[in-house]
**Q** 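Structure below; questions to follow.
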Number of protein chains: 2
Amino acid sequence: MELFRTQHNGTDMESKQFAQKRKMVAFLNKSEDPLAIPAICRRLRLSVPTGTKLVNELIADGIVVEVGKMETDNGRRPVVYKINPEYAYTIGVEILLKRISVSVFNMEMVEVFQKKDNEFVLENTPECLSFVVDFIGQCLEELDEKKTRVLGMGLGITGRVNSKTGESYNYFNFLEETLTEHLSSKFELPIFLDNDTHVMGMAERFFGKARKEKNALIVNLSRGLGMTVISNGKVVLGNQGFAGEFGHMQFGESSKLCICGKRGCLGMEVSGYALEENFKEYVKNGEKTLLLPEGELRKVRYDNILQAARKGDALSIALLHDIGFKLGKALGNVINLLNPGSIILGGKFVVASDILADSVKSGMTHTALSQPLRTCDLLFSEAGDESGGKGAAAQVLYHYDLI
Amino acid sequence: MELFRTQHNGTDMESKQFAQKRKMVAFLNKSEDPLAIPAICRRLRLSVPTGTKLVNELIADGIVVEVGKMETDNGRRPVVYKINPEYAYTIGVEILLKRISVSVFNMEMVEVFQKKDNEFVLENTPECLSFVVDFIGQCLEELDEKKTRVLGMGLGITGRVNSKTGESYNYFNFLEETLTEHLSSKFELPIFLDNDTHVMGMAERFFGKARKEKNALIVNLSRGLGMTVISNGKVVLGNQGFAGEFGHMQFGESSKLCICGKRGCLGMEVSGYALEENFKEYVKNGEKTLLLPEGELRKVRYDNILQAARKGDALSIALLHDIGFKLGKALGNVINLLNPGSIILGGKFVVASDILADSVKSGMTHTALSQPLRTCDLLFSEAGDESGGKGAAAQVLYHYDLI
DNA sequence: CGTGGTTTATAAAAAATTTAATAAACTTGC
DNA sequence: GCAAGTTTATTAAATTTTTTATAAACCACG
């Protein structure tokens with residue numbers, strides 16, 4: 001832990017060795033496979049004897065473990081090493097409108113602890129904040145001896161967030177200090193904050209379908225619409241961390257008033273909210289659907305419409321196609337601007353990926369230039385609904401250059 | 001030169017020292033002010049005696065020069081050092097539709113040589129390519145002894161370019177090899193290729209108004225419309241280097257057919273071309289203007305309209321306002337997506353910056369969210385019309401991590 | 001099944017770097 | 001104007017790192 005917790009900025013021998021060890025740990029943790037000492041030494045420009053010395057010290061500290069001997073084509077087989085998966089842990093907290101979850105991961109990002117509350121309702125009140133603090137605090141208690149080996153805690157919260165200052169604008173904005181400062185003082189851990197969409201994008205970038213992609217767009221299509229932009233392998237946060245407000249881009253033909261105060265926001269036409277609204281309007285106008293009469297119209301949520309579409313409900317499918325086409329057109333514009341290698345569609349809408357795929361692609365051809373479009377893959381996230389915690393925790397590893 | 005030309009990948013002493021020297025040179029060249037040995041050593045985690053040794057070797061190689069003693073508040077004044085400005089040179093070539101220019105810069109980016117041909121007309125023919133090759137070749141001859149000290153040549157060419165592979169798609173696309181390969185074989189120099197807009201963006205990023213900005217948009221508004229996106233301090237090239245096709249984003253209300261084969265491209269409404277078209281249409285419909293009857297209508301170029309606007313021609317001003325407003329609306333969308341800290345307007349339209357500023361800002365408020373808009377500055381490039389060479393040459397320095 | 005070729009690992013010798021000590025240059029305060 | 005404090009520069013001693021040499025592990029080929 002000392003290796004990450006303390007800052008070594010001197011020019012003395014100890015600082016240099018700390019820096020080398022940190023680079024070594026970074027290299028080992030970023031590598032998919034265990035590494036041999038000669039390979040490590042080539043990368044770090046170190047002689048084999050010193051490399052061996054440093055690795056042995058890292059083993060003595062419990063940071064690195066020996067894995068075994070590697071199969072090679074010729075020559076003596078090297079002993080290979082990896083980061084001790086139980087050396088340290090990261091915490092990922094997801095605070096959504098109707099759910100809070102706390103996940104704890106080991107160095108291999110295996111979830112070693114999870115606790116969630118699906119009854120939770122996010123409100124911008126001190127009571128809600130102290131519930132959140134208590135909830136996280138309980139989880140920390142349950143961690144027992146692991147508690148002392150936590151590198152940091154990453155949070156993903158709905159709403160607008162300045163991930164650079166650690167401020168949350170929509171929720172818990174009544175504090176004197178920033179939300180990050182508040183949580184730091186409560187838990188005495190390094191805290192990293194971002195919005196739910198960026199956190200989902202991080203998960204996709206580091207563990208999901210954008211793992212090998214240096215330029216990607218990750219769309220979060222659930223009740224709202226957001227985007228994470230990956231350029232040069234890094235998440236684009238922008239000047240204040242507000243980047244990715246895809247749902248508030250003005251592409252639309254509609255003139256519905258958005259909560260942001262503008263008309264024509266894409267999110268008013270492409271989102272779970274829009275799906276609900278459109279569905280209700282069509283049904284009121286006498287359109288038939290498989291969904292009803294099971295539930296009352298006002299109780300229908302976009303999740304239900306997505307399920308109905310999967311079951312073949314014509315109205316739901318038609319509405320989804322419409323949304324997919326509009327989304328595709330908007331994405332085509334972003335393709336022209338950023339030339340991504342792949343676009344990953346995530347969020348609750350992925351359950352209807354079969355229905356969306358064609359309409360999104362069709363929309364993209366309407367606006368994207370053929371050259372950048374040709375090499376841009378449209379993929380659907382396989383991360384699942386509860387991957388937010390992983391992305392939230394990834395912020396911690398990212399900060400320590402371990403990912 | 002050896003320091004940059006050769007690759008040192010070993011773990012031996014010589015490679016390590018080469019790597020350290022390269023880092024030292026990078027640090028010195030990136031610094032605005034000359035640096036003292038203790039400051040260098042702190043950054044490179046080196047003891048003062050070794051730092052001194054390396055600096056002395058760099059001086060012996062002619063790479064570094066002593067500047068003098070620095071004023072400090074207390075203590076002995078340190079001797080400060082900088083890169084020898086005449087140690088090496090970079091070449092920047094700009095190949096536009098109606099101009100070719102070759103500039104040579106020293107390490108301080110002072111132009112030590114320039115040659116241009118304003119009669120040049122870019123055509124996708126072998127003849128035009130050999131003219132270009134000859135033109136550059138002549139410039140190299142005229143460099144005399146400096147010729148042996150050229151780090152590399154960067155080119156900015158109109159049209160679509162894959163800067164990663166070095167291919168040019170619109171011009172000189174008849175070659176078996178890539179344009180970069182072709183030029184490399186002709187000049188035996190490291191060659192770096194990108195389009196004119198990215199090259200202009202590079203100039204703005206490293207020497208212009210985006211110098212201290214990690215997240216910026218640089219708009220190239222001339223006869224066409226392009227953009228360079230800067231995120232996390234780096235130029236966003238995208239998967240194939242096509243990023244920045246702002247002019248082909250579909251925001252427009254117009255349905256004019258663009259050369260790309262689509263309708264509604266922003267460049268059909270916001271560009272020098274659009275300005276010309278709109279002007280002609282209005283004049284045909286009997287609108288009055290100060291510009292005519294000096295020239296015939298079909299000879300009017302957008303440059304003339306911009307000048308007329310500066311002189312107070314009501315029609316030209318009105319048309320510019322319209323373009324500015326539309327541009328602002330489109331930029332507002334990109335603000336929502338990327339949250340830039342500043343937007344720099346460059347290209348030929350900057351002569352009318354006074355007229356554009358308000359209308360662009362007004363357009364931006366129509367689409368941009370208030371939070372990201374508030375901290376986004378709208379600036380106008382001061383780089384001037386012939387700064388493309390500087391940006392082209394910057395590619396070389398960027399490649400060697402000297403900028 | 002042994003010899004030659006290849007890669008890894010370890011131990012002693014050689015080289016390079018850091019540390020510590022000292023001198024030099026400069027400011028401030030009395 | 002001199003002593004105390006601060007920072008840079010240089011030199012010699014101590015430490016660390018690399019180099020070299022040697023052994024170990026493994027494959028392929030005859």
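These numbers come from the heavy atoms of this one structure, side chains and all, not from hydrogens, waters or symmetry mates. The chains referred to below are lettered A, B, ... by the order of the sequence lines, with proteins before strands, and numbering in each begins at 1.
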**Q** Output the distance between atom CG (A/Leu237) and atom CG (B/Asn232), rounded to the nearest 0.5 Å.
**A**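 A/Leu237 CG to B/Asn232 CG: 7.0 Å, rounded to 0.5 Å.
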**Q** Under the ring-ring contact (aromatic ring centres under 6.0 Å, His included) definition, can you give me all pairs with a residue in residues 28-56 of chain B, not counting sequence neighbours?
**A**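 Qualifying pairs: none.
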**Q** Think A/Lys146 forms a cation-pi with A/Phe113, using NZ or CZ under 6.0 Å from the six-ring centre and within 45 degrees of its axis?
**A** no
**Q** Enumerate the residues from residues 57-71 of chain A whose closest heavy atom to DNA chain D is under 4.0 Å, giving them by residue number; use none for an empty result.
**A** none
**Q** In terms of the nearest nucleotide of DNA chain D, which residue is placed more toward the 5' end: B/Pro49 or B/Ala39?
**A**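 Its nucleotide being nearer the 5' end, the pick is B/Ala39.
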**Q** Are A/Lys82 and A/Glu108 close enough, and set up right, to give a salt bridge (Lys or Arg N to Asp or Glu O under 4.0 Å), and what steps lead you there?
**A** CA-CA 10 Å; A/Lys82 66 169 185 178; A/Glu108 286 174 343; 3.0 Å; yes
**Q** Could I get a table of every N or O pair under 3.5 Å where one atom is in the protein and the other is in nucleotides 13-16 of chain C?
**A**
none

**Q** Near B/Glu145 CD, under 6.0 Å, is it more than 12 heavy atoms from other residues, nucleotides or ligands?
**A**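 Result for CD/B/Glu145: enclosed.
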**Q** Please report the interatomic distance NZ(A/Lys186) to CD(A/Glu181), rounded to the nearest 0.5 Å.
**A** 14.0 Å
**Q** Just how far is it from atom CG of B/Asp377 to atom OG of B/Ser342, taken to the nearest 0.5 Å?
**A**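 These two atoms lie 6.0 Å from each other.
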**Q** Below 3.5 Å between N/O atoms, which protein atoms pair up with nucleotides 1-3 of chain C? Just atom names and distances, please.
**A**
none

**Q** Whole-Å distance between C/dT17 C1' and A/Glu14 CD?
**A**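 Taking atom C1' of C/dT17 as the reference, CD of A/Glu14 is at 17 Å.
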**Q** Please test B/Asp401 against B/Lys30 for salt bridge (Lys or Arg N to Asp or Glu O under 4.0 Å), starting from the C-alpha separation and ending with a verdict.
**A** CA-CA 9 Å; B/Asp401 192 33; B/Lys30 285 176 187 176; 2.8 Å; yes
**Q** Near B/Arg43 CZ, under 6.0 Å, is it more than 12 heavy atoms from other residues, nucleotides or ligands?
**A**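 12 or below, so no.
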**Q** For the atom pair CD (B/Glu66) and CG (B/Asn56), what is the distance rounded to the nearest 0.5 Å?
**A** 9.0 Å
**Q** Which nucleotide, D/dT17, D/dA9, C/dT10, lies nearest any side-chain atom of A/Val48?
**A** C/dT10
**Q** Figure out the CG/C1' separation between A/Leu44 and D/dT18, and round it to whole Å.
**A**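 One finds 15 Å between C1' of D/dT18 and CG of A/Leu44, rounded.
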**Q** Rounding to a whole Å, what distance do you find between A/Ile40:CD1 and C/dA9:C1'?
**A** 14 Å
**Q** Specify the separation, in whole Å, of atom CG of A/Asn56 and atom P of D/dT17.
**A** 13 Å
**Q** Rounded to the nearest angstrom, tell me the gap between atom CZ in B/Arg42 and atom P in C/dT18.
**A** 15 Å
**Q** Taking atom P of D/dT18 as reference, at what distance in whole Å does atom CD1 of A/Ile37 sit?
**A** 13 Å
**Q** Could you check which residues of residues 72-81 of chain B get a heavy atom under 4.0 Å from DNA chain D? Sort them by number, please.
**A** B/Asn74, B/Gly75, B/Arg76, B/Pro78, B/Val79
**Q** C/dT18 P sits how many Å from A/Phe18 CZ, rounded?
**A** 17 Å
**Q** Kindly say whether the aromatic ring centers of B/Tyr398 and B/Phe206 come within a distance under 6.0 Å.
**A**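 They qualify: ring centres under 6.0 Å apart.
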**Q** Figure out the CG/C1' separation between B/Asp12 and D/dT19, and round it to whole Å.
**A**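 Rounded to the whole Å, the gap is 10 Å.
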**Q** Take B/Glu382 and B/Lys209 through the test salt bridge (Lys or Arg N to Asp or Glu O under 4.0 Å) and record every step on the way to the result.
**A** CA-CA 8 Å; B/Glu382 287 171 1; B/Lys209 292 219 167 172; 3.1 Å; yes
**Q** Going by the ring-ring contact (aromatic ring centres under 6.0 Å, His included) test, which pairs reach into residues 3-24 of chain B, not counting sequence neighbours?
**A**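 For residues 3-24 of chain B, and leaving out neighbouring residues, the ring-ring contact (aromatic ring centres under 6.0 Å, His included) pairs sorted by first residue read B/Phe4-B/Tyr400, B/His8-B/Phe18.
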**Q** Distance alone, cut at 3.5 Å: any donor-acceptor contact between the side chains of A/Asn162 and A/Gln240?
**A**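 No donor-acceptor contact under 3.5 Å links the two side chains.
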